[in-house]
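Read through the structure below, which is laid out as structure tokens, and then see the notes.
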Amino acid sequence: MHIDIITLFPDLFTSVFSHSILQRSQNKGIVSVEFHDLRQYSVNKYKSVDDYAYGGGAGMVMQIEPIANCLKDLKSKRDYDEIIYTSPDGEMLSQGISNELSLMKNICILCGHYKGIDERIREHLITREISIGNYVLSGGELAAAVISDSIIRVIPGVLNDETSALTDSFQNNLVSPPVYSRPYEYNGWKVPDVLISGNQRLIDEWNIEQSLKRTKERRPELL
Ligand code: SAH
């Protein structure tokens, strides 16, 4: 899969994509990611990409031309399955959406800033709008990183243990059961006996019971 990210702040992504699973996915050649500095597509000598809002009001608006020119350039090199705009009023990111996007070949994510982007870009050039929650961030970069991470970790071959993404929360509409590691006892707090019983059938049953119990308690809307 290839992900192009259009942003005013490419450096914000450097660390996120050069550690852990996101880095491994690129080293393995399963994912490639490129960051495109929107300022390079500015149409004036000041390298600005924003202007005052028509109708007045506080806050600047990201203009059409730099974004349209950047998209034109990228589209001449790749066919995109989706051109995503990160937006607080977009469809709410879910595991289902991440699973769906993880099957795609090329996606592009546009990060907004200031008051947002000129509406005409959303109407004519964007194919999908995604929100990461009902709150407002200063820019789309953190949202793009969240979206990319949740997509990349479910691409087959990215995680070492193939089953581990499938046993995470929200796959099968359940949250994950509790997990434990050594030592067996700390401060008098013990690991549930079933997990050291060696009986895989009982352990599997216990995990399912715990998943159901937790989902009922914490995320009843999933059931
Ligand atoms: N004026 C806009 C908010 C702009 S915030 C409004 O009230 O809806 C600046 C940028 O941050 C947005 O253009 C968007 O790209 C990004 N952003 C902010 N909150 C977000 C969220 N919850 N999910 C995804 N992107 C978000």
Side-chain angles (χ1 to χ4, degrees), residues 1-17 21-22 31 33-44 46-75 80-102 104 106-154 169-170 219 221-222:
M1 162 183 265
H2 182 80
I3 305 178
D4 282 307
I5 297 182
I6 304 174
T7 170
L8 281 171
F9 302 99
D11 289 350
L12 271 177
F13 292 95
T14 317
S15 177
V16 176
F17 281 87
I21 292 168
L22 297 196
V31 175
V33 190
E34 266 178 78
F35 307 102
H36 305 276
D37 184 353
L38 196 56
R39 246 173 249 291
Q40 305 296 324
Y41 293 89
S42 164
V43 289
N44 62 49
Y46 308 105
K47 293 267 173 229
S48 71
V49 295
D50 57 306
D51 206 338
Y52 294 102
Y54 272 119
M60 305 299 276
V61 174
M62 286 171 72
Q63 294 170 278
I64 293 189
E65 286 141 302
I67 297 173
N69 290 345
C70 180
L71 282 173
K72 195 171 166 199
D73 189 17
L74 297 183
K75 281 191 205 170
Y80 290 103
D81 299 299
E82 296 283 13
I83 299 176
I84 298 165
Y85 172 52
T86 58
S87 182
D89 63 3
E91 62 182 316
M92 198 68 79
L93 184 65
S94 65
Q95 190 63 54
I97 293 176
S98 301
N99 291 352
E100 183 196 338
L101 293 173
S102 76
M104 297 184 172
N106 296 312
I107 62 172
C108 180
I109 307 178
L110 169 63
C111 307
H113 246 275
Y114 314 117
K115 276 311 253 185
I117 64 175
D118 189 304
E119 186 65 20
R120 290 166 289 181
I121 298 163
R122 300 175 67 171
E123 279 171 17
H124 300 288
L125 299 175
I126 296 296
T127 63
R128 195 154 185 175
E129 300 189 330
I130 297 180
S131 167
I132 63 161
N134 285 344
Y135 41 81
V136 175
L137 302 164
S138 321
E141 284 74 17
L142 294 178
V146 167
I147 295 166
S148 303
D149 186 320
S150 71
I151 294 172
I152 290 171
R153 69 194 308 286
V154 291
S169 292
F170 309 117
R219 292 288 189 280
E221 72 279 7
L222 293 176

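Both counts, for ligands and for their atoms, begin at 1 and track the order of listing. We number each residue from 1, following the sequence as shown.
Looking only at protein heavy atoms, the nearest one to atom 5 (S) of ligand 1 is Leu137 O, 3.2 Å. Nearest protein heavy-atom neighbour of atom 22 (N) of ligand 1: Tyr135 O, 2.8 Å. Regarding atom 15 (O) of ligand 1, its nearest protein heavy-atom neighbour is Thr86 O, 2.6 Å. Atom 12 (C) of ligand 1 has Tyr85 OH, 3.7 Å as its closest protein atom, hydrogens excluded (heavy atom only).
When each atom of ligand 1 is checked for a heavy atom of Val136 under 4.0 Å away, the hits are 3 (C), 5 (S), 19 (N). Heavy-atom proximity to Gly140, at under 4.0 Å, picks out these atoms of ligand 1: 11 (O), 15 (O), 16 (C). If you number the atoms of ligand 1 from 1 as listed, the ones under 4.0 Å from a heavy atom of Ile130 come out as 24 (C). In the vicinity of Gly139, heavy-atom distances shorter than 4.0 Å reach the ligand 1 atoms 10 (C), 11 (O), 16 (C). Each of the atoms 13 (O) of ligand 1 lies under 4.0 Å from some heavy atom of Gly116. Heavy-atom contacts of Tyr114 reach the following atoms of ligand 1: 4 (C), 5 (S), 9 (C) (cutoff under 4.0 Å).
Polar contact check, Ala143 against ligand 1: no nitrogen or oxygen pair lies under 3.5 Å apart. Checking only distances, Lys115 does come within under 3.5 Å of ligand 1, N or O to N or O. Polar contact with ligand 1: present for Gly133 (N/O pair, distance under 3.5 Å). At under 3.5 Å, a nitrogen or oxygen of Gly112, whether backbone or side chain, sits near a nitrogen or oxygen of ligand 1.
In this structure, the side chains of Val33 and Ile5 come closer than 4.5 Å at one or more pairs of heavy atoms. Between Leu74 and Ile6 there is a side-chain heavy-atom pair separated by less than 4.5 Å. Using a 4.5 Å heavy-atom threshold, the side chains of Tyr85 and Ile67 count as separate. Counting only heavy atoms from C-beta outward, the side chains of Ile130 and Leu101 approach each other to under 4.5 Å. Looking at Glu141 and His113, their side chains come closer than 4.5 Å, going by heavy atoms from C-beta outward. Residues Gln40 and Asp73 have side chains not in contact (no heavy-atom distance under 4.5 Å, counting atoms from C-beta outward). Considering only heavy atoms from C-beta on, Ile83 stays 4.5 Å or farther from Leu125 through its side chain. Looking only at side-chain heavy atoms (C-beta outward), Ser150 and Phe170 stay at 4.5 Å or farther from each other.
Comparing heavy-atom distances from atom 23 (N) of ligand 1 across Leu110, Ile132, Leu93 singles out Ile132 as nearest. Closest to atom 20 (C) of ligand 1 by heavy atom, among Ser131, Pro88, Cys111, is Pro88.
In this structure, atom 7 (O) of ligand 1 has no protein heavy-atom contact shorter than 4.0 Å.
Not a single heavy atom of Gly59 sits closer than 4.0 Å to an atom of ligand 1.
Proximity of a side-chain donor or acceptor of Ser42 to a complementary backbone N or O of Leu38 within less than 3.5 Å is not detected.
The environment of Asp89 atom CG is dense: over 12 non-hydrogen atoms of other residues, nucleotides or ligands sit within 6.0 angstrom.
Note on Arg120 versus Asp118: salt bridge recorded, some NZ/NE/NH1/NH2 to OD/OE distance being below 4.0 Å.
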